[in-house]
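Below: the structure, in structure tokens.
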Amino acid sequence: MNLANGRPYLAIPGPSTMPDRVLNAMHRAAPNIYEGELHAMVEGLWPDLRAVAGTSDHVAVYLGNGHSAWEAANANLFSRGDRALVLACGRFGIGWSEWAAAMGVQIDLLDFGKASPVDLDRFADALRADHGHQIKAVLVTHVDTASSIRNNIPALRAVLDTVGHPALLAVDCVASLACDEYRMDDWGVDVTVGASQKGLMTPPGLGIVWFSERARLRCAGSDLRTPGTDWTLRALGTEFWQHWAGTAPTHHLFGLREALTMIGEEGLENVWARHEVLASAVWAAFDGWGAGNPAIALNVSDPVYRGRSVTAARFGAPHATHLRQWTEHRAGVTLGIGLGMAAPTEPAYHGFLRVAHMGHVNAHMTLGALAVMQAGLVALKIPHGDGISAAVRVLGQAAGV
Ligand SMILES: *Cc1c(COP(=O)(O)O)cnc(C)c1O
């Protein structure tokens, strides 16, 4: 029996669901890139892009994905041989460090494993051990999409300030921007890395780097820069083409414009609150399922340190893979693979999955995905408790009347 026909739901942590409004905004003839409507639209895009990251400083847009935003951030932050301290809480923190290392940056890696946030004492010790202040920047993920660990960015800033270390603070918000509360300026962040296809609800293709004036001045001499990665003209250019180092990503920009309009209509704080409630429903479902089978558990035990846009969990191998296959092919819901928890060749790999609740998602989508998961547990005869009642209760109580 196949119940998958109907509108499919891609509940993987990026690309996220693209609103019809965003797709329709992109469905148009190519605009003149030299003058007219596109230029006028982009004028209004800059303030909204700054606002979504909580900064009044600079923003540079690259034609690329999150990896290219990492590369651009690295190229602007560092000269060959500079040192970076990387605080890793999952595959994406490690990935950012690998990209920086490959570019010639010396990496000090503090790896906090796959289920714990940054340990502030270890972070402080690493900064104190750097007597000569050789560490130019600290790189960290806000939400590591592989582990779904969410770090407390203001607490990291406080450690830098307490120790009195001048390193710049660079934060990967690809998975968390416009999902989890984030305030770049208020939290003392120097560089924020994002991409179009997660909380920003736009197709993959734009990498975005926000940077403080402090970072601009401190990094003015960085020699890893190339004309394509240099953030100066991208952010501050006086000619339109300089913002893109060539042809503008025209259709992506129209899509992003619509997405930012939608975020503005809802209100950024309401967007964060919606993600908070949907995430709580997902967590409640897992707790309920796990009550009937201890092999089913969330990856991150303390809710404070859980991302609000994605949830990593275990089901016991090989149940996670079987469940993913069932929900996708029998019921139209595609869940995320476990990432970085075990190698795809290891049997343990089949015990992990992720549920995204990122961007253009609402109560019925999240409850639908969870209910389909529970139906899959029934179909596959995987022991479980009732997760749905708890998830329904969370949403019902949060939404009120
Ligand atoms: C998705 C993601 C990336 C990589 O983005 P791509 O667009 O896949 O290159 C980097 N960091 C985090 C935290 C992500 O979620």
Side-chain angles (χ1 to χ4, degrees), residues 10-18 53 60-75 77 84 86-103 111-112 114-115 117-118 138-153 156 169-182 184 189 191-210 229 249 252 255-256 259 275 279 299-300 305-312 334-341 352-359 361:
L10 186 66
I12 66 173
S16 63
T17 297
M18 292 162 209
V61 175
Y62 296 85
L63 284 76
N65 54 17
H67 282 75
S68 43
W70 277 347
E71 183 167 339
N74 295 343
L77 280 165
V86 178
L87 310 174
C89 301
R91 186 56 227 160
F92 286 92
I94 302 280
W96 195 1
S97 78
E98 289 169 348
W99 277 52
M103 294 169 75
D111 188 346
F112 299 95
K114 297 169 183 169
V118 171
V138 175
L139 312 183
V140 65
T141 49
H142 184 209
V143 171
D144 194 302
T145 324
S147 62
S148 67
I149 281 282
R150 181 177 76 163
N151 280 303
N152 181 341
I153 302 301
L156 301 183
L169 179 57
V171 182
D172 175 346
C173 292
V174 175
S176 54
L177 204 73
C179 303
D180 286 77
E181 179 180 4
Y182 184 76
M184 177 169 168
V189 176
V191 173
T192 300
V193 172
S196 51
Q197 79 275 19
K198 300 192 184 179
L200 295 179
M201 308 182 289
T202 302
L206 300 179
I208 309 171
V209 179
W210 292 258
T229 51
H252 277 78
L256 182 62
H275 281 83
N299 188 46
V300 183
Y305 296 112
R306 293 177 191 155
R308 271 53 177 165
S309 57
V310 57
T311 296
T334 303
L335 302 170
I337 60 167
L339 194 63
M341 309 304 275
F352 299 97
L353 59 69
R354 292 172 301 157
V355 185
H357 27 95
M358 172 184 282
V361 283

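One-based numbering, in listed order, for ligands and for the atoms of each. Every heavy atom of this structure was used, including side-chain atoms; hydrogens, water molecules and symmetry mates were not.
For the pair Trp70 and ligand 1, the shortest N or O to N or O distance does not fall below 3.5 Å. Checked by distance only, ligand 1 and Thr145 come closer than 3.5 Å through their nitrogen or oxygen atoms. Residue-to-ligand polar distances keep Thr141 apart from ligand 1: every N/O pair is separated by 3.5 Å or more.
Below 30°, between 30° and 60°, or above 60°: for Trp70 and Trp96 the angle between ring planes is below 30°, a parallel geometry.
Contacts between His142 and ligand 1, counted as non-hydrogen atom pairs separated by less than 4.0 Å, are absent for every part of the residue. When heavy-atom distances to ligand 1 are checked against a 4.0 Å cut-off, Trp96 has no atom that comes that close, whether in backbone or side chain.
Applying side-chain contact (heavy atoms from CB on, under 4.5 Å) to Ser176 and the options Val143, Asn151, Thr141 leaves one that passes, Val143.
With respect to atom 4 (C) of ligand 1, the closest heavy atom belonging to the protein is His67 ND1, 3.7 Å. Among protein heavy atoms, atom 7 (O) of ligand 1 sits closest to Gln197 NE2, 2.6 Å.
The closest approach between any non-hydrogen atom of Val193 and ligand 1 is not below 4.0 Å. Residue contacts with ligand 1 include Asp172, since one or more of its heavy atoms lies under 4.0 Å from the ligand.
Proximity of a side-chain donor or acceptor of Asn299 to a complementary backbone N or O of Ser148 within less than 3.5 Å is not detected.
A pairwise comparison of heavy atoms in Thr145 and Pro13 identifies CG2-CB, 3.5 Å as the closest pair.
Every atom of ligand 1 is numbered from 1 in the order shown, and the set under 4.0 Å from a heavy atom of Lys198 is 1 (C), 2 (C), 3 (C), 14 (C), 15 (O). Residue-ligand proximity, Val143 to ligand 1, at heavy-atom distances under 4.0 Å covers atoms 13 (C).
Under the 6.0 Å distance and 45° angle rule, Lys198 counts as a cation-pi partner of Phe92.
Dense packing is recorded around CZ of Phe112, with more than 12 heavy atoms of other residues, nucleotides or ligands lying under 6.0 Å away.
For the pair Arg150 and Glu181, the salt-bridge criterion is not met [side-chain N within less than 4.0 Å of a carboxylate O].
Of the options Ala175, Gly66, Gly194, the smallest heavy-atom separation from atom 6 (P) of ligand 1 is shown by Gly66.
Separating the OH atom in Tyr182 from the NE2 atom in His142 is a distance of 7.5 Å, to the nearest 0.5 Å.
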